[in-house]
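In what follows, a structure is listed as structure tokens, so that the remarks can point back to it.
Both ligands and their constituent atoms are indexed starting at 1 by order of listing. Residue numbers start at 1 and run along the sequence shown. All heavy atoms count here, side chains included; hydrogens, waters and symmetry mates do not.
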Amino acid sequence: MFQLPDKILNYINGQFVESISKNYIPNINPSIGKEYSLTPDSDANDVKMATNAALDAFPSWSTLSHQKRYEYLNKIADLIEKKTDFLAYAETVDNGKTFKLAKKVDIPRASTNFRFYATAILHYYSQSYINENKSLNYTYKQPIGVAGCISPWNLPLYLFTWKIAPALASGCTVVAKPSEITPMTAYLLSEICIEAGLPAGVLNIVHGDGYKVGQSIVEHPKIRAISFTGGTKTGKSIASIAAPMFKKLSLELGGKNPNIIFADCNYDKMLKTTIQSSFANQGQICLCGSRIFVQRKLYEQFKNDFVEKVKDLKTGPPLEDATQIGAVVSEQHMNKILSCIELAKQEGGNILCGGKRKILSDPYQDGYYIEPTIIEGLDYKCRTNQEEIFGPVVTITPFDAEEEVMMMANAVEYGLSATIWTENLNRAHKIAHQLENGIIWINTWLNRDLRTPFGGMKSSGVGREGGFKILDFFNEDKNVCVDFT
Ligand code: NDP
């Protein structure tokens with residue numbers, strides 16, 4: 001279909017370069033479980049080089065007119081859009097997600113991220129205050145300097161650009177690192193930046209392992225802000241390094257999201273959406289609802305219909321049109337998910353469907369496929385209901401009263417998102433108010449307006465992305481007070 005490079009390179013100071021060590025890491029295609037490309041195995045020396053390039057580029061990029069920055073970012077958005085099929089193909093090969101999903105969601109959203117922040121910067125504003133003592137204060141925004149952007153493997157280009165676009169729009173220059181497990185579309189983005197004529201050093205992409213490249217970005221004293229999306233454990237380690245250096249930190253971390261279903265919901269809409277919110281992208285979306293709570297009078301009906309429909313989902317090669325569930329991202333992640341399913345069994349869970357690796361026929365027999373799995377009969381406090389699995393695995397639990405489901409929904413360390421299904425708006429608002437989650441959906445899921453704040457409470461993160469909030473993150477406020485008596 002398309003040809004992907006068998007070796008990718010770092011993008012530093014506007015050019016493609018090998019890592020200084022000249023070492024490479026194999027990049028695996030999860031749909032066949034085989035190596036298909038090589039990724040630079042970079043380290044602190046490459047990060048240093050990238051940071052120097054970003055520091056050099058900062059004075060001219062940060063003082064470029066908003067209009068000019070808009071033009072560069074909009075051009076990048078156009079090029080992503082033009083190459084949608086190719087980028088979707090690359091994302092599918094690299095990540096195992098279905099081509100359909102990459103083409104419909106991941107790549108269009110990457111382009112939208114650039115377009116949204118290209119235009120947002122044109123409307124970004126400062127404030128001024130005048131008081132009766134005849135003094136004037138004005139507060140303006142200055143880009144913070146070089147920003148570090150580190151993203152995960154589940155929505156590779158989508159989440160990478162969600163950080164890079166606002167950082168560049170703000171006037172920051174960037175040292176960025178995609179997940180070493182899914183680096184291909186970040187490399188293709190660097191090709192696009194060259195094609196768009198982005199000035200050298202404005203964006204630098206360094207590939208390699210998190211504990212080397214990611215950590216070096218976090219530790220570098222000249223990188224003033226870290227925008228990170230990934231696991232809670234990694235976020236904690238990043239915070240422990242960055243906080244004593246007084247870096248600005250935006251952390252988007254894990255989740256264990258409740259999906260709360262009341263008997264008075266719009267049943268067909270709920271069922272269709274719940275299949276999506278449980279298993280889209282093989283359950284590897286931080287916003288998936290992995291704990292499903294169903295009001296007892298609806299429980300048996302929901303369970304039967306849900307299991308029947310999920311059994312019908314087609315797990316298969318991600319490039320095939322009929323496939324609904326693709327491969328999970330890596331062998332290591334597949335084994336982690338399978339061990340979580342084993343733990344659920346030991347904890348007394350009853351596997352209603354799935355629960356196993358699926359072996360496809362040649363040439364996909366070594367690919368990392370897991371059947372979508374539904375488990376019932378578990379206590380809300382057990383590890384399966386407390387720890388993030390991040391795969392095609394959900395639990396279903398009945399409840400009687402509103403207070404009971406609220407208690408169970410909030411009884412986790414995470415607080416990213418929640419979904420509520422009911423036609424009783426009064427109840428929906430009351431529950432939304434009481435839930436300890438940063439993002440709440442009522443009778444919908446994954447419905448995003450990019451102007452709204454995005455982020456989690458508790459161990460799901462610190463800070464908010466989206467809208468002007470993330471532009472504020474990449475800027476420092478400076479207040480100037482003038483006496484004009
Ligand atoms: P990780 O935390 O393992 O990795 C995220 C990124 O951090 C990767 O680029 C990784 O590099 C890098 N990294 C790893 N170790 C370090 C380190 N010590 N210092 C700096 N960077 C490091 O997460 P996953 O990639 O496994 O992603 C899955 C997680 O992301 C889930 O917990 C999920 O909930 C969360 N997530 C949260 C979202 C949100 O918006 N809240 C959205 C999407 C996912 P490498 O992979 O190369 O090792």
Side-chain angles (χ1 to χ4, degrees), residues 25-28 39-44 47 94-95 97 106 109 148-164 175-186 205-220 223 226-242 247 249-257 280-290 328-330 332-334 336-337 340 387-391 412-417 437-439 446 448 453-466 470:
I25 307 166
N27 188 8
I28 310 293
T39 308
D41 182 11
S42 314
D43 57 30
V47 170
D94 213 25
N95 172 278
K97 66 176 65 215
D106 291 68
R109 176 58 192 277
C149 298
I150 304 173
S151 59
W153 48 255
N154 64 324
L155 302 165
L157 192 63
Y158 174 134
L159 289 175
F160 198 53
T161 53
W162 181 232
K163 300 180 175 309
I164 289 170
V175 178
K177 187 200 112 54
S179 171
E180 145 267 330
I181 301 165
T182 53
M184 185 54 77
T185 47
I205 300 175
V206 186
H207 297 276
D209 277 319
Y211 71 92
K212 288 203 266 187
V213 177
Q215 187 149 333
S216 304
I217 292 175
V218 177
E219 284 171 348
H220 199 295
I223 297 183
I226 302 291
S227 168
F228 169 82
T229 299
T232 294
K233 204 167 142 214
T234 318
K236 206 180 223 174
S237 140
I238 289 175
S240 73
I241 299 167
K247 293 193 182 201
L249 266 183
S250 164
L251 302 174
E252 297 295 338
L253 309 176
K256 190 78 185 171
N257 310 313
N281 204 36
Q282 295 68 252
Q284 303 165 131
I285 301 180
C286 54
L287 304 164
C288 280
S290 53
V328 299
V329 77
S330 67
Q332 191 190 13
H333 192 55
M334 175 182 71
K336 182 209 144 178
I337 297 167
C340 290
E387 297 171 12
E388 187 183 42
I389 298 173
F390 213 54
V412 287
E413 68 161 309
Y414 297 104
L416 188 53
S417 69
N437 302 82
I439 302 152
L446 212 63
R448 291 273 297 122
F454 178 91
M457 296 180 179
K458 304 191 318 200
S459 299
S460 289
V462 175
R464 294 291 181 271
E465 297 184 325
I470 194 70

Would you say S179 has any N or O atom under 3.5 Å from an N or O of ligand 1, going by distance alone? yes
Measure across P178 and I205 and return the closest heavy-atom pair with its distance rounded to 0.1 Å. CD-CG2, 4.0 Å
List the closest protein heavy-atom neighbour of atom 11 (O) of ligand 1: residue, atom name, distance to the nearest 0.1 Å. K177 NZ, 3.0 Å
Apply side chain to side chain contact (heavy atoms under 4.5 Å, CB included) to the pair Y414 and T232, showing each step before the final yes or no. CA-CA 9 Å; Y414 297 104; T232 294; 3.3 Å; yes
Less than 4.5 Å apart, any side-chain heavy atom of S330 and any of I28? no
Do me a favour and list the nearest non-hydrogen protein atom to atom 8 (C) of ligand 1 with residue, atom name and distance? S151 O, 3.3 Å
Taking C-beta and beyond as the side chain, do I150 and T234 meet within less than 4.5 Å on heavy atoms? no
Might you check, step by step, whether the distance between atom 4 (O) of ligand 1 and some protein heavy atom is under 4.0 Å? no
Contact region, T229 to ligand 1, non-hydrogen atoms below 4.0 Å, reads both
The closest protein heavy-atom partner of atom 35 (C) of ligand 1 is G230 O, 3.2 Å
What atoms of ligand 1 come closer than 4.0 angstrom to any heavy atom of G208? 47 (O)
For ligand 1, indicate whether the residue L159 contacts it via side chain, backbone, both or neither (heavy-atom separation under 4.0 Å). side chain
Please state which protein non-hydrogen atom is closest to atom 37 (C) of ligand 1 and give its distance, to 0.1 Å? L253 O, 3.1 Å
Would you say the side chains of N257 and N437 form a donor-acceptor pair under 3.5 Å? no
Got more than 12 heavy atoms from elsewhere within 6.0 Å of NZ, K336? yes
Where does T232 meet ligand 1, judged by heavy-atom distances below 4.0 Å: at the side chain, the backbone, both, or neither? neither
Residue portion contacting ligand 1 (non-hydrogen atoms closer than 4.0 Å) for I238: side chain
Closest contact, heavy atoms only, K247 versus I223: NZ-O, 2.9 Å
Do S151 and K163 meet the criterion of a side-chain donor-acceptor pair at a distance under 3.5 Å? no
Quick one: nearest non-hydrogen protein atom to atom 24 (P) of ligand 1, plus distance? W153 NE1, 3.3 Å
Nearest-contact summary for atom 31 (C) of ligand 1 - protein heavy atom, Å: E388 OE1, 3.4 Å
Quick one: closest heavy-atom pair of A186 and L157, and the distance? N-CD1, 4.5 Å
min-distance protein heavy atom vs atom 23 (O) of ligand 1 -> G231 N, 3.3 Å
Please state which protein non-hydrogen atom is closest to atom 39 (C) of ligand 1 and give its distance, to 0.1 Å? C286 SG, 3.3 Å
Option of least heavy-atom distance to atom 45 (P) of ligand 1 (set: S237, G210, G455): G210
I need the minimum non-hydrogen distance between I337 and F390, along with the two atoms involved. CD1-O, 4.1 Å
Donor-acceptor pair, side chain of S250 and main chain of S227, under 3.5 angstrom: no
Structural part of L287 in contact with ligand 1, heavy atom criterion under 4.0 angstrom: neither
Distance under 4.0 Å to a non-hydrogen atom of T234: what atoms of ligand 1 satisfy this? 1 (P), 2 (O), 3 (O), 13 (N), 14 (C), 15 (N), 16 (C), 17 (C), 22 (C)
Please list, in number order, the atoms of ligand 1 under 4.0 Å from a heavy atom of L416. 41 (N)
